[in-house]
Colleague: 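If you scroll down you'll find the structure; I have some questions about it.
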Amino acid sequence: MPHLTRAARGATDTGIRVGFGIPGFAHPLVAPLEWGELTRPGIPLKWVVLNVANGPGERPDPHCLEAAGRLRNGGVRVLGHLDARYGTRPFGELLSDAHRYLDWYQVNGFSLDRCPTERTALPEVRRTVTTLRALVDHAHIVLGHGTHPYPGYAETGDQLVTFAGSWSDYRWSQVAEWTADYPPERFCHFVHGMPRGHLEEALRIARWQGASTIYFTDRVDGAGTGDLWETMPGYWDEIVSRIGTGVSE
């Protein structure tokens, strides 16, 4: 039984509408089925991160441009991947990557991966986010902490990734009390290594902890090279059918 804290919140949040945030698939040439699947009608997709080469790459990639264009034309936000390196990445480098994402792929916002969590780093993150918002009208900014940060970050990003980790950790996770001051639309949970038989339990944890944006996968550390999020889970159709509409298996 997972440690689901704040039962009062869980009781009122049973109507949370959950949708997907995609942390970033492999290159469209490597994962064409994954990118194609995201344009299928009925998938509750909130946004997709475009990560060409741990950033926008050195030159425009026509395959990534095509994949991003199909999603944007379907009304899906495409976010450029910016690696903050826990606050060590120079401001100028982040802005240079952001400009290339805009010039080459017309992204709708940014995912600031490996975002710092400490109070002392908040002013610099706020500076970065303010500058990014000035570049894009109605920019959507996701702060990829992977854990609960200092509460002030919730006033900076549109969404915060407050969990990114393994199923064995997620099922015993607890939520920070301060998140109750914000709606579920502000929080994202990414879980890897989750077996098929635990989908309902995982969705229940997300709802009780007040996170309406999720991505679950059965990929595990040591399963091969590459990022844990780069392909779809084997139970993709099943999870879509649980939270989406109009999708047949």
Colleague: Could you give me the CA-CA distance, side-chain angles and deciding distance for Arg219 and Asp227, then say whether side chain to side chain contact (heavy atoms under 4.5 Å, CB included) is met?
Modeller: CA-CA 9 Å; Arg219 287 178 64 91; Asp227 192 271; over 6 Å; no
Colleague: Considering all heavy atoms of both residues, which atom of Val125 and which atom of Leu112 are nearest to each other, and what is their separation?
Modeller: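 Result for this residue pair: CG1-CD2, 4.3 Å.
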Colleague: Mind checking whether Phe91 and Tyr101 sit in one hydrophobic cluster, side chains of I, L, V, M, F, W, Y counted as touching below 4.5 Å?
Modeller: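 Yes, it is one cluster - the side chains of Phe91 and Tyr101 are joined through contacts under 4.5 Å.
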Colleague: Considering non-hydrogen atoms only, spot the tightest contact between Ser111 and Val49 and give its length.
Modeller: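 Result for this residue pair: CB-CG2, 3.7 Å.
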Colleague: Evaluate the criterion side chain to side chain contact (heavy atoms under 4.5 Å, CB included) for residue pair Asp83 and Arg114; output intermediate values, then yes/no.
Modeller: CA-CA 6 Å; Asp83 185 0; Arg114 297 201 290 177; 2.6 Å; yes
Colleague: Do you know the tightest heavy-atom contact between Cys64 and Tyr105?
Modeller: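 Reported closest heavy-atom pair: CB-CE2, 3.8 Å.
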Colleague: Measuring only between side-chain heavy atoms, which start at C-beta, is Phe25 closer than 4.5 Å to Leu38?
Modeller: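 Of all side-chain heavy-atom pairs linking Leu38 with Phe25, at least one is under 4.5 Å.
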Colleague: To the closest 0.5 Å, what do you measure between CG (Leu132) and CD1 (Ile141)?
Modeller: 5.0 Å
Colleague: Here's a test for you: under ring-ring contact (aromatic ring centres under 6.0 Å, His included), which of Trp167, Tyr170, Tyr215 qualifies with His189?
Modeller: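 Going through the options one by one, the only one that passes is Tyr170.
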Colleague: With a 4.5 Å heavy-atom cut-off, do Arg171 and Met194 have their side chains touching?
Modeller: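 No; the side chains remain at least 4.5 Å from each other.
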Colleague: Out of curiosity, Ile43 CD1 to Ser241 OG, how far, rounded to the nearest 0.5 Å?
Modeller: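 If I round to the nearest 0.5 Å, the distance is 11.0 Å.
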Colleague: Return each pair, listed once, that meets side-chain hydrogen bond (donor to acceptor under 3.5 Å, both in side chains) where at least one residue sits in residues 70-80; pairs must be two or more places apart or across chains.
Modeller: Glu66-Arg70
Colleague: So, for Arg119 and Pro123, which heavy atoms are closest and what is the spacing to 0.1 Å?
Modeller: O-CD, 3.7 Å
Colleague: Where is the tightest heavy-atom contact between Ala26 and Trp35, given as atom of each residue plus distance?
Modeller: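 That would be O-NE1, 2.7 Å.
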Colleague: Is there a side-chain contact between Glu34 and Thr231 (heavy atoms, below 4.5 Å)?
Modeller: yes
Colleague: Taking the side chain as everything from C-beta on, heavy atoms only, tell me whether Val107 gets closer than 4.5 Å to Leu102.
Modeller: yes
Colleague: Can you list everything that forms a salt bridge (charged side-chain N to carboxylate O under 4.0 Å, His left out) with Glu124? Sequence neighbours excluded, please.
Modeller: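 Glu124: salt bridge (charged side-chain N to carboxylate O under 4.0 Å, His left out) contacts with Arg127.
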Colleague: So how far is it from His145 NE2 to Tyr150 OH, rounded to the nearest 0.5 Å?
Modeller: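 Taking NE2 in His145 and OH in Tyr150, the distance rounds to 12.5 Å.
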Colleague: Please round to the nearest 0.5 Å and tell me the distance separating atom CD1 of Ile239 and atom CZ of Phe20.
Modeller: 4.5 Å
Colleague: Looking at Ser173, is its backbone amide N or carbonyl O close enough to the side chain of Gln209 to form a donor-acceptor pair, meaning the two atoms are under 3.5 Å apart?
Modeller: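 Side chain of Gln209 to backbone of Ser173: a pair is present.
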Colleague: Would the number of heavy atoms belonging to other residues, nucleotides or ligands and lying under 6.0 Å from CZ of Arg242 be above 12?
Modeller: yes
Colleague: Check Thr217 against Pro233 and note the closest heavy-atom contact, atom names and distance.
Modeller: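 Here Thr217 and Pro233 meet closest at CA-CB, 3.7 Å.
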Colleague: Among Ile22, Leu71, Thr213, which residue satisfies the side-chain contact (heavy atoms from CB on, under 4.5 Å) criterion with Trp47?
Modeller: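 Result: among Ile22, Leu71, Thr213, Thr213 is the only option passing the side-chain contact (heavy atoms from CB on, under 4.5 Å) with Trp47.
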Colleague: As an exercise, state the distance from CG of Leu203 to NE2 of His198, rounded to the nearest 0.5 Å.
Modeller: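 Spacing of CG (Leu203) from NE2 (His198) equals 13.0 Å.
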Colleague: Is Arg100 paired with Asp103 through a side-chain N to carboxylate O contact shorter than 4.0 Å?
Modeller: no
Colleague: Answer whether the closest heavy-atom distance between the side chains of Leu143 and Val129 falls below 4.5 Å.
Modeller: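 Yes; the side chains approach each other to less than 4.5 Å.
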Colleague: Can we say Glu185 and Lys46 salt-bridge, meaning some charged N sits less than 4.0 Å from an Asp/Glu carboxylate O?
Modeller: no
Colleague: Thr130 side chain to Arg126 main-chain N or O, any donor-acceptor pair under 3.5 Å?
Modeller: yes
Colleague: Partners of Phe216 by ring-ring contact (aromatic ring centres under 6.0 Å, His included), sequence neighbours excluded?
Modeller: none
Colleague: Step by step, work out the side chain to side chain contact (heavy atoms under 4.5 Å, CB included) result for Val161 and Val142.
Modeller: CA-CA 7 Å; Val161 179; Val142 176; 3.8 Å; yes
Colleague: Are Arg133 and Asp158 close enough for a salt bridge, meaning some N to O gap below 4.0 Å?
Modeller: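 Judged by the 4.0 Å cut-off on N to carboxylate O distance, Arg133 and Asp158 do form a salt bridge.
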Colleague: Would you kindly say whether Glu155 and Tyr182 are connected by a side-chain donor-acceptor distance under 3.5 Å?
Modeller: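 Result is yes, a qualifying pair exists.
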Colleague: Below 4.0 angstrom, N of the basic side chain to O of the carboxylate: do Arg40 and Asp237 qualify?
Modeller: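 Salt bridge between Arg40 and Asp237, a charged N being under 4.0 Å from a carboxylate O: yes.
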Colleague: Does the pair Val175 and Thr162 meet the rule for a side chain to side chain contact (heavy atoms under 4.5 Å, CB included), with working shown?
Modeller: CA-CA 9 Å; Val175 65; Thr162 52; over 6 Å; no
Colleague: Would you say Asp97's side chain and Gly55's backbone share a donor-acceptor pair under 3.5 angstrom?
Modeller: no
Colleague: Do Tyr153 and Trp178 have ring centroids that are under 6.0 Å from one another?
Modeller: no
Colleague: Looking at NE2 of His27 and CG of Leu50, how far apart are the two atoms once the value is rounded to the nearest 0.5 Å?
Modeller: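 Rounded to the nearest 0.5 Å, the NE2-CG separation comes to 9.0 Å.
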